[in-house]
A.B. asks: 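Right, I'll just put the structure down here and ask away after.
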Amino acid sequence: MLPITTLPGSWFWLLCHFRACFTAPTFATFTMLVSGMVARPQRRTVTGMLIGAGLSQAWHHCRAHRFFSRAVWSVDQVSMVLLTLVVRLLVPPQAELLIAVDDTLFTRSGRRVAGAGWHHDAATKTKGAKDSRQRWGHCWVVAGIVLELPLLDRPVCLPIAFALWLHTPGSTAAEQSKQALAGRLVTMIAQACPGRHLDVVADCWYAGADGASGATLGAAKHRGLPDDVTLTSRLRANTALHWIATPVPGRSGRPKRIGERIGTPTQLATHPDTHWREATVARYGRTDTVTLADTVCLWYGVYRSRAIRVILLRDHAMTSGYGIAVFTTDLHTSAERIISRYAARWSIEVAFADAKQLTGVGEARNRTRTAIDRTVPLGLITQSLIIVWYHLHGTDTVTARRAEAPWYRTKTRPAYLDMIVQLRRVMIAARILGHNRGQPTPQQIHDVCLAWEQATA
């Protein structure tokens, strides 16, 4: 890889927003390691980032390792600077923020890796017993901001905040649960964006109470979400629902806290008081005609006397039962928007796949606790910066991609791979055109790539 001693002005401008998070020498290391991670197409280890930056002959490799293990800087501070940057550049003023929360596993090997343990990896495909889904590694709870960008026809998730979940056998402390970690991340985001309303989407694991600690993401008394933050998630099939109690005039004593029992979502779907209606919802890049049932009730086992909404969705081909049950603490937004909001949760799963397969997050082989706490978040932050850069300075890559691969006849929008590849080409062009610190033009990038192909032919 060519030495990257001159970065593109557009990319360096984004990195300069993080200058206050580091000392001067540490910021120089941060700039080159992040750029090296982008430029490196494979083996994005700590030394791989140094090779990608073209500094393996100029810097000792200990400098790169010290950045993760000993340098003085905070992941939370860098995350909040990234959040401020994303909100200022990509989110309209006073618009609501949609936050997706989920956890993912980055596999490791070796018994002396700090914080590593056996975790269930739902992304692993297996045909054997359930134990075959167990993997050794680190489980990270991630909160990302979900955006609708004009260059894409699907929601995209930018990872923002991160917390390492340490599985301690026998521990019952609420601080050790994934729900409590997710609540801390969302609270941190809410405090960094005063005046913005936050809507959180998560899978059903973060909606119900954790059996070990009793913590839940939506219950404030368990260190969950702030009162002005709503939660939308999928409802578990065995959830016990109740009607809201109706006060009886003239009856003395404490009023009833819960009404009659509804039962599970399956029983709610067949209840006489459940009213179904046809609706059009936008989800997963398409518009579907479905049948919805919207009910306000209680999930007393988790949210006590706080009212929630349960939205049952039935595909157009179904005549009975329900396809998916979604619940939300948002009592005012339309059911169609709630369904679209929950469907946007899938964008964080796509972000995890891109991080592992394309960005190279999790390939670093750190062992000490401090380095482990920083390496994965820095990789996910780099991925978010790549998307921000492409939104601001990216050019049309779909036409060129379809010219190179004409069998992709339905490709009309750029993928994340197109974004990171274009940034790599801009970095190469900026290195060759070192006298020009500005953004290389598409023609200059084309000329550089053409000359490179001719030289290697």
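This is a predicted model, so every value here is computed, not measured.
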A.B. asks: Just checking, Lys356 and Phe106: is the charged tip under 6.0 Å from the six-membered ring centre and within 45° of the axis?
C.D. replies: yes
A.B. asks: If the condition is side-chain contact (heavy atoms from CB on, under 4.5 Å), which residues does Ser320 pass it with, not counting sequence neighbours?
C.D. replies: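 By the side-chain contact (heavy atoms from CB on, under 4.5 Å) rule, Ser320 matches no residue at all.
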A.B. asks: Please identify each residue that fulfils side chain to side chain donor-acceptor pair (under 3.5 Å) with Tyr416, with sequence neighbours left out.
C.D. replies: Thr359
A.B. asks: Indicate whether the side chain of Asp199 and that of His197 have a donor and an acceptor atom separated by less than 3.5 Å.
C.D. replies: yes
A.B. asks: Excluding sequence neighbours, so at least two apart, what forms side-chain contact (heavy atoms from CB on, under 4.5 Å) with Ala143?
C.D. replies: Ile99, Val101, Ala161, Leu185, Ile189
A.B. asks: Listed by chain and number, what are the side-chain contact (heavy atoms from CB on, under 4.5 Å) partners of Cys193, not counting sequence neighbours?
C.D. replies: Leu83, Val87, Leu97, Arg196
A.B. asks: Quick one: which of Leu166, Leu164, Val141 gives a side chain to side chain contact (heavy atoms under 4.5 Å, CB included) with Leu181?
C.D. replies: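 Answer after filtering Leu166, Leu164, Val141: Val141.
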A.B. asks: Please output the side-chain donor-acceptor pairs of residues 265-272 that fall under 3.5 Å, not counting sequence neighbours, one pair per line with the distance.
C.D. replies:
from   : atom 1 : to     : atom 2 : distance (Å)
Gln267 : OE1    : Thr264 : N      : 2.9
Thr270 : OG1    : Gln267 : O      : 3.3
His271 : ND1    : Asp273 : N      : 3.1

A.B. asks: Enumerate, atom names and distances included, each donor-acceptor pair closer than 3.5 Å involving a side-chain atom of residues 237-250, sequence neighbours excluded.
C.D. replies:
from   : atom 1 : to     : atom 2 : distance (Å)
Thr239 : OG1    : Arg236 : N      : 3.4
Thr239 : OG1    : Arg236 : O      : 2.8

A.B. asks: Once side-chain hydrogen bond (donor to acceptor under 3.5 Å, both in side chains) is applied, what residue pairs with a partner in residues 69-96 remain, sequence neighbours excluded?
C.D. replies: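 Residue pairs with at least one partner in residues 69-96: His17-Arg88.
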A.B. asks: Please enumerate all residues that pass side-chain contact (heavy atoms from CB on, under 4.5 Å) together with Asp315, with sequence neighbours excluded.
C.D. replies: Arg283, Val290, Leu313, Met318
A.B. asks: Looking at residues at least two apart in the chain, or sitting in another chain, which of them share a side chain to side chain donor-acceptor pair (under 3.5 Å) with Thr29?
C.D. replies: Arg63
A.B. asks: For residues 339-363, pull every pair meeting ring pair (Phe, Tyr, Trp, His ring centres under 6.0 Å), keeping only residues two or more places apart or in separate chains.
C.D. replies: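 Qualifying pairs: none.
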A.B. asks: Sequence neighbours left out, what passes side chain to side chain donor-acceptor pair (under 3.5 Å) with Arg409? Give chain and number order.
C.D. replies: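 Testing Arg409 for side chain to side chain donor-acceptor pair (under 3.5 Å), a comparison that skips the adjacent residues, returns none.
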A.B. asks: Supply the atom-to-atom distance His138 NE2 to Asp373 CG, rounded to the nearest 0.5 angstrom.
C.D. replies: 8.5 Å
A.B. asks: Test of understanding: with side chain to side chain donor-acceptor pair (under 3.5 Å), list the residues that count as partners of Tyr284, not counting sequence neighbours.
C.D. replies: none
